[in-house]
Participant: 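Right, I'll just put the structure down here and ask away after.
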Amino acid sequence: MVVFSLSGGVFAGVNSQFSLELKVEASLESKVHQLVSERLAPNHGFSKDEIEALVHDLAVLASINGGKPSALYKTIFSQNTFSGSGFFQWLITGIKQLKASHGEPCTPLSKVDYFGCSNISARSITLPPEYFQNNRIRRILTLIHERRHLDGYDHIPNTPSYDKEVKGTRGAQLAFIVSLVNSCTNCTIMAKQEALSNKEEIVGAMKNLSEDDSQLLQIELASLQNIIPVEVSTFLGELKRQQSFLSVSHMECKNKVPLYEYEQHRTVPNVDAQDCFIIYYKKGKSPHLGEQFPEPITRFGVLFLFVPTAK
């Protein structure tokens, strides 16, 4: 199965532009819808579109294909494999009630931050309209954050949501990000980059950690893998060796888009790919790629290197 990074469904009042979009089986979406419906408060306050967006977010989460989890992930979630289905089960089974907040403050027993509130005694999570304006990765991270509060992990008092334990709300978010980046086999590189864009904020909100927690945090950060494929990294190394490398950027590829190679005046066969790397190099210095590299397409000194998705 080939998975592409596409825009999600359009829901009123919901941010539908995001890079984490996976193929979801209808049976799974139906199951998630049932589990979410069972947890909606009697007067939950969500619009139909907000419910559908929440269901689809969780169905996408449950559709992640993973693998080896990070050390922190195993410590927090006691799971020896990172998978969307297993993570979804941890998330949903710990919540008894879901409801919307439309301007009213959370109750005194709630913990408020990250566009969400959690009530430990009621095991409930409250989501304001602002929650739905975030991208999907941010929305999932918010649910992880609030769900971890329900395990009894609080923030440092009188701080802007700082954690003093690496196994708290921020650590749960970080463990998810690291495991997704390192192990997800059906996520695009753009989705992984979007997840990584939250890392600095999360790590910066962990303060006054113990020596053991600080060591565990450093191990977790050191385990992050380079999300640029080895083929691209090797090719960049060759360009740099020849002193012809200028810069590289990354973009989302379109499925089977016919491209044209101006210099040779011929149409390039349709390319089936999920991630493109645009590599700028000095003209006339293109190195020999060898059989292990996809065919490069040159266009006025710009090289488009396509990384095909595994069939």
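Quick caveat: nothing in here was measured; it's all calculated off a predicted structure. In what follows, residues are counted from 1 in the order of the sequence shown.
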Participant: Calculate, to the nearest 0.5 Å, the distance between atoms OG and NZ belonging to Ser183 and Lys192 respectively.
Facilitator: 8.0 Å
Participant: Quick one: which of Leu180, Leu174, Val181 gives a side-chain contact (heavy atoms from CB on, under 4.5 Å) with Val178?
Facilitator: Leu174
Participant: For a quick test of reading the model, state the closest non-hydrogen atom pair linking Thr126 to Ser101 and the distance between them.
Facilitator: CG2-CB, 3.3 Å
Participant: In the hydrophobic cluster built from side-chain contacts under 4.5 Å, what are the other members alongside Tyr162?
Facilitator: Ile156
Participant: Enter the distance from Arg39:CZ to Ile95:CD1 here, rounded to the nearest 0.5 Å.
Facilitator: 7.5 Å
Participant: In chain order, what residues pass the side-chain contact (heavy atoms from CB on, under 4.5 Å) check against Ala71, with sequence neighbours excluded?
Facilitator: Glu220
Participant: Could you please spell out the steps behind the side-chain contact (heavy atoms from CB on, under 4.5 Å) verdict for Glu29 and His33?
Facilitator: CA-CA 6 Å; Glu29 187 117 16; His33 196 287; 5.6 Å; no
Participant: So, taking the atom named CG in Leu58 and the one named CD1 in Ile140, what distance separates them when rounded to the nearest 0.5 Å?
Facilitator: 7.0 Å
Participant: For the residue pair Ala175 and Ser70, what are the closest heavy atoms and their distance?
Facilitator: O-OG, 3.9 Å
Participant: Which heavy-atom pair separates Ser63 from Asn186 by the least distance, and what is that distance?
Facilitator: O-ND2, 3.1 Å
Participant: Between atom CG of Leu61 and atom CZ of Arg139, what is the distance when rounded to the nearest 0.5 Å?
Facilitator: 12.5 Å
Participant: Can you find a pair of side-chain heavy atoms, one from Lys99 and one from Ile125, that are under 4.5 Å apart?
Facilitator: no
Participant: Is the side chain of Gln89 donor-acceptor paired with the backbone N or O of Gly86 at a distance under 3.5 Å, no angle test?
Facilitator: no
Participant: Between Ile64 and Phe82, does the side-chain contact (heavy atoms from CB on, under 4.5 Å) criterion hold? Intermediate values first, please.
Facilitator: CA-CA 9 Å; Ile64 291 175; Phe82 170 69; 4.0 Å; yes
Participant: Does any non-hydrogen side-chain atom of Asn198 lie less than 4.5 Å from one of Gln173?
Facilitator: no
Participant: So which heavy atom on Glu146 is nearest to which on Ser118, and how close?
Facilitator: OE1-OG, 3.1 Å
Participant: Could you go step by step and tell me if Phe88 and Val32 meet the side-chain contact (heavy atoms from CB on, under 4.5 Å) rule?
Facilitator: CA-CA 9 Å; Phe88 168 72; Val32 172; 3.9 Å; yes
Participant: Give me the atom names and distance for the closest heavy-atom approach of Ile137 to Ala195.
Facilitator: CG2-CA, 3.7 Å
Participant: Would Glu201 and Arg138 count as a salt bridge (Lys or Arg N to Asp or Glu O under 4.0 Å) here? Give the steps.
Facilitator: CA-CA 12 Å; Glu201 176 188 353; Arg138 185 77 174 187; 2.8 Å; yes
Participant: Would a hydrophobic clustering, with Ile, Leu, Val, Met, Phe, Trp and Tyr connected at side-chain separations under 4.5 Å, put Leu196 with Leu221?
Facilitator: yes
Participant: If only side-chain N and O atoms count, and only distance matters, is there a donor-acceptor pair under 3.5 Å linking Ser124 with Gln97?
Facilitator: no
Participant: For the pair His155 and Thr159, evaluate side chain to side chain donor-acceptor pair (under 3.5 Å) and give the outcome as yes or no after the intermediate values.
Facilitator: CA-CA 8 Å; His155 297 306; Thr159 68; over 6 Å; no
Participant: Can you find a pair of side-chain heavy atoms, one from Asp154 and one from Ile120, that are under 4.5 Å apart?
Facilitator: no
Participant: Just how far is it from atom CG of Leu143 to atom CG of Leu54, taken to the nearest 0.5 Å?
Facilitator: 6.5 Å
Participant: Could you tell me whether Glu38 atom CD has more than 12 heavy atoms of other residues or ligands within 6.0 Å of it?
Facilitator: yes
Participant: Any side-chain donor paired with an acceptor under 3.5 Å for Glu165 and Tyr153?
Facilitator: no
Participant: Could you go through the side-chain contact (heavy atoms from CB on, under 4.5 Å) check for Lys68 and Asn182 one step at a time?
Facilitator: CA-CA 8 Å; Lys68 183 179 179 181; Asn182 289 351; over 6 Å; no
Participant: Give the minimum heavy-atom separation between Arg147 and Gly94, together with the two atoms involved.
Facilitator: NE-CA, 3.3 Å
Participant: Please determine if Lys167 and Asp163 form a salt bridge, counting it only when a charged side-chain N lies under 4.0 Å from a carboxylate O.
Facilitator: no
Participant: Give a yes or no on whether the ring-centroid distance for Phe176 and Tyr73 is below 6.0 angstrom.
Facilitator: no
Participant: Report the distance from atom CG of Leu98 to atom CZ of Phe46, rounding to the nearest 0.5 Å.
Facilitator: 6.0 Å
Participant: Report all side-chain donor-acceptor pairs from residues 203-212 shorter than 3.5 Å, counting only partners two or more places apart or in another chain.
Facilitator:
residue : atom : partner : partner atom : Å
Lys207  : NZ   : Gly204  : O            : 3.2
Ser210  : OG   : Asp213  : N            : 3.1

Participant: Tell me whether the rings of Phe87 and Trp90 are parallel (<30°), tilted (30 to 60°) or perpendicular (>60°).
Facilitator: tilted
